[in-house]
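Just so you know, ligand 1 is whichever comes first in the structure, and atom 1 is the first atom listed for that ligand.
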Amino acid sequence: MDGNYSPVTEETIKDLAALIGEANVSIKEHELAGFAIDEMPLARSYPPRVIVRPPDSGAVSRVLAYASAKRIPVTPRGAGTGLSGGAIPIHGGILLSLEKMRRIIQIDERNFVAVVEPGVTLNELHQAAEACGLYYPLYPGEMTATIGGNVMTNAGGMNAVKYGVTRQYVLGVEAVIPGGEIIHSGGAYVKNTTGYDLTQLLIGSEGTLAVVTRITLKLTVKLAKREVLFVPFLDLQNAIDAVPDILRLKQTPVGIEVMDQDIVKIVEKFTEKELPYHQYQAFLMIIMEGDTEEEIYDYFARVETICRQHGAVEATVPGSERAKRRLFDAREKFYLAVKRFAPMEMIDTVVPRSEIARFAVQVKELSRKWGVPVFFYGHAGDGNVHLHPVQVDMSRAEFDGKLHPLMADIYRAAVALGGTISGEHGIGIDKKPFFGIGVEEPAIDIMRGIKRAFDPGNILNPGKIFDL
Ligand SMILES: Cc1cc2nc3c(=O)[nH]c(=O)nc-3n(C[C@H](O)[C@H](O)[C@H](O)COP(=O)(O)OP(=O)(O)OC[C@H]3O[C@@H](n4cnc5c(N)ncnc54)[C@H](O)[C@@H]3O)c2cc1C
């Protein structure tokens with residue numbers, strides 16, 4: 001059912017211009033080329049045939065109703081920072097960019113709620129909330145990503161141990177379904193048991209069920225201080241073994257990041273800045289917020305004791321804002337540093353926290369088995385492990401030949417340990433060949449039924465996650 005779409009013709013372009021205004025429709029070559037990929041590594045390029053930039057939900061509705069009637073595929077797109085190819089228009093057709101729907105409609109200081117259009121960036125939301133003394137506490141790595149994209153990938157990031165993921169912050173949405181109807185689910189309230197929860201169903205659906213056009217988000221209050229403890233270990237196993245004990249303390253850290261020496265070396269080369277204690281094999285970064293520095297340092301003292309019991313040799317809190325920024329900067333640049341280093345893949349497995357150490361050992365064995373180096377880092381506090389198989393000392397053909405079976409082995413190992421294949425980046429096209437490892441066939445069939453109920457003509461982001 002994925003093929004057989006109508007082509008985009010000159011008439012289609014005229015129709016779209018009549019529906020949403022000529023200024024909101026483009027077929028400029030360089031713009032089409034710019035929307036042909038997203039941040040998925042090793043992605044092939046698929047330019048759309050036409051770009052539409054609807055200014056409001058009415059325009060989204062007219063485009064989707066038209067595309068459904070004519071059977072033309074539509075790919076929604078936020079900032080294109082997704083790592084799984086979800087925003088790549090693999091069937092050409094219409095690329096629906098949300099970039100003009102960028103209003104922060106309301107920051108409701110009494111209800112601790114923000115209402116935004118989907119093209120608002122994470123950065124803009126953070127700033128708007130903070131200007132009102134409030135806080136949107138999620139930090140999924142890339143601040144130029146849109147809130148619409150974050151919702152559609154259920155983005156996670158570094159603050160998830162304490163604050164959770166996007167799913168926990170979305171109170172309601174307005175969305176346009178492929179037939180063009182505008183639906184509303186949830187709102188600026190916390191409790192809701194009014195039928196099936198369509199808000200939660202749409203979150204993480206990667207633009208395959210509806211286009212989200214307005215989002216109501218929960219905000220919180222920001223604590224005054226935020227510090228990081230950087231702890232080097234003699235080996236990765238020891239670092240990971242310390243995590244469950246740290247989490248048994250009464251206070252919950254914002255995040256616990258783990259990294260090994262290989263990735264530290266790569267990022268030092270990329271940023272041309274050294275990290276402290278880089279001679280050690282593995283590192284934990286424990287991020288904590290509190291009302292006072294004393295409160296945080298008390299907590300860090302207890303964490304340091306635990307880490308030393310697990311073989312840590314040092315522990316340091318950066319002595320200046322600059323040193324602290326450098327640490328965070330380095331962590332945020334892992335992906336870009338590996339991308340610059342060599343052709344690579346991005347794996348986003350998740351396992352129960354207690355199984356990270358065992359998973360790390362298995363990944364090392366699989367890396368040896370296939371002769372492909374694999375960089376290892378991740379959000380240790382929530383079990384979300386990022387892995388980069390890299391093409392080193394082998395041809396592209398050899399790398400490509402080994403990549404698929406290596407990834408399948410890694411996903412099977414994660415699932416056998418009680419985990420799954422994507423913690424926060426989604427399936428898109430990149431992880432689609434492995435979807436059946438993470439989800440059983442009867443469950444995929446239910447998902448197919450849901451997709452058909454929203455999108456009987458299969459025009460919205462077809463070919464993503466699974467085939468119909
Ligand atoms: C350097 C770097 C670091 C990153 N770090 C993290 C991290 O720590 N945690 C994390 O979770 N992710 C991370 N990401 C991935 C990425 O930023 C997130 O997946 C983000 O949520 C994507 O947002 P976007 O606006 O770029 O969406 P896009 O890439 O444009 O789209 C993502 C998906 O959502 C769909 N979509 C977008 N907007 C809408 C809409 N309004 N309605 C319906 N469907 C829509 C698209 O069709 C696509 O399937 C990182 C990416 C990079 C490049």
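Atoms of ligand 1 lying under 4.0 Å from any heavy atom of G148, numbered from 1 in the order shown and given with element: 38 (N). Remark: ligand 1 atoms within the under-4.0 Å shell around heavy atoms of E39 are 53 (C). The distance from ligand 1 to the heavy atoms of G78 drops below 4.0 Å at these ligand atoms: 25 (O), 28 (P), 30 (O), 37 (C), 38 (N). Ligand 1 places these atoms under 4.0 Å from at least one heavy atom of G86: 47 (O), 48 (C), 49 (O). With ligand atoms numbered from 1 in the order given, ligand 1 contributes 11 (O), 21 (O) to contacts under 4.0 Å with heavy atoms of A155. Short contacts between ligand 1 and G157, defined as distances under 4.0 Å to a heavy atom of the residue, involve ligand atoms 8 (O), 9 (N). Within ligand 1, the atoms closer than 4.0 Å to a non-hydrogen atom of V211 are 42 (N), 43 (C), numbered from 1 in the order shown. Atoms of ligand 1 lying under 4.0 Å from at least one heavy atom of G207, given by number and element, are 43 (C), 44 (N).
Judged purely by distance below 3.5 Å, without hydrogens or angles, the side chains of Y377 and H388 pair a donor atom with an acceptor atom. Checked by atom type, the side-chain pair T194/N192 shows a donor-acceptor distance below 3.5 Å. For E142 and T81, the side-chain atoms include no donor-acceptor pair closer than 3.5 Å. In the model, H386 has a side-chain atom that pairs as donor or acceptor with a side-chain atom of E424 under 3.5 Å. Side-chain contact, S422 with D348: a donor N or O sits under 3.5 Å from an acceptor N or O.
When only non-hydrogen protein atoms are considered, atom 52 (C) of ligand 1 lies nearest to E142 CB, 3.8 Å. Protein heavy atom in closest approach to atom 15 (C) of ligand 1: T81 O, 3.5 Å. The closest protein non-hydrogen atom to atom 29 (O) of ligand 1 is G82 N, 2.8 Å. Of the protein's non-hydrogen atoms, the one nearest atom 13 (C) of ligand 1 is P140 O, 3.7 Å. Looking from atom 19 (O) of ligand 1 to the surrounding protein, the closest heavy atom is T153 OG1, 3.5 Å. At the shortest separation from atom 11 (O) of ligand 1 among protein heavy atoms lies G156 N, 3.0 Å. Among all protein heavy atoms, the one lying closest to atom 28 (P) of ligand 1 is G80 N, 3.6 Å. Here the heavy atom of the protein found nearest to atom 27 (O) of ligand 1 is G149 CA, 3.4 Å.
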Q: For H278 and F283, run ring pair (Phe, Tyr, Trp, His ring centres under 6.0 Å): C-alpha distance rounded to whole Å, both residues' side-chain angles, the deciding distance at 0.1 Å, then the answer.
A: CA-CA 9 Å; H278 57 174; F283 308 85; 8.8 Å; no
Q: Begin with the C-alpha distance, continue with both residues' side-chain angles, and end with the deciding distance and a verdict on ring pair (Phe, Tyr, Trp, His ring centres under 6.0 Å) for F434 and H404.
A: CA-CA 9 Å; F434 310 102; H404 187 100; 4.6 Å; yes
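Of the candidates R331, K339, R214, M152, the one placing a heavy atom closest to atom 39 (C) of ligand 1 is M152. Relative to atom 43 (C) of ligand 1, the option among S422, G85, A210, A337 with the closest non-hydrogen atom is A210. Nearest to atom 9 (N) of ligand 1 by heavy-atom distance, out of H379, E424, E117, E99, is E424.
To the nearest 0.5 Å, atoms CG (L122) and OH (Y139) are separated by 8.5 Å.
Distance alone, capped at 3.5 Å, places no donor-acceptor pair between the T271 side chain and the A330 backbone. A donor-acceptor pair is defined here as one N or O able to donate and one able to accept, closer than 3.5 Å; such a pair exists between the side chain of S84 and the backbone of H425. In this structure, the side chain of D38 engages the main chain of G85 through a donor-acceptor pair within 3.5 Å.
Residue-to-ligand polar distances keep E332 apart from ligand 1: every N/O pair is separated by 3.5 Å or more. Between L83 and ligand 1, a contact under 3.5 Å exists for no N or O pair. Between R77 and ligand 1, a contact under 3.5 Å exists for no N or O pair. The shortest N or O to N or O distance between A79 and ligand 1 is under 3.5 Å. The distance criterion of under 3.5 Å between nitrogen or oxygen atoms is met by V212 with respect to ligand 1. Of the N or O atoms in P118, none lie within a sub-3.5 Å distance of an N or O in ligand 1. Residue contacts with ligand 1: A145 is placed with no nitrogen or oxygen under 3.5 Å of a nitrogen or oxygen of the ligand (distance criterion only). Close N/O approach between T75 and ligand 1 is not found [any backbone or side-chain N/O within under 3.5 Å].
Salt bridge annotation for E117-R102: absent, with no cationic side-chain nitrogen under 4.0 angstrom from a carboxylate oxygen. Comment: K324 engages E321 in a salt bridge, judged by a side-chain N to carboxylate O separation of less than 4.0 angstrom. Electrostatic pairing of K222 and E289 does not count as a salt bridge here, judged by no charged N lying under 4.0 Å from a carboxylate O. A salt bridge does not link R326 with E274: every distance from a Lys NZ or Arg NE/NH1/NH2 to an Asp or Glu carboxylate oxygen is 4.0 Å or more. The pair E206-K464 fails the salt-bridge criterion, with no side-chain N (NZ, NE, NH1 or NH2) lying under 4.0 Å from an Asp/Glu carboxylate O.
Between F334 and F375, the gap from one ring centroid to the other reaches at least 6.0 Å.
Residue contact check for ligand 1: G423 places no non-hydrogen atom closer than 4.0 Å to it. In this structure, N461 has a heavy atom closer than 4.0 Å to ligand 1. Residue contacts with ligand 1: N150 is included, with a non-hydrogen atom under 4.0 Å away.
Only the side chain of H425 comes within 4.0 Å of ligand 1, judged by heavy-atom distances. With a 4.0 Å cut-off on non-hydrogen atoms, E206 touches ligand 1 through its backbone as well as its side chain.
In this structure, Y135 and E130 approach most closely via the heavy-atom pair CD1-OE2, 4.0 Å.
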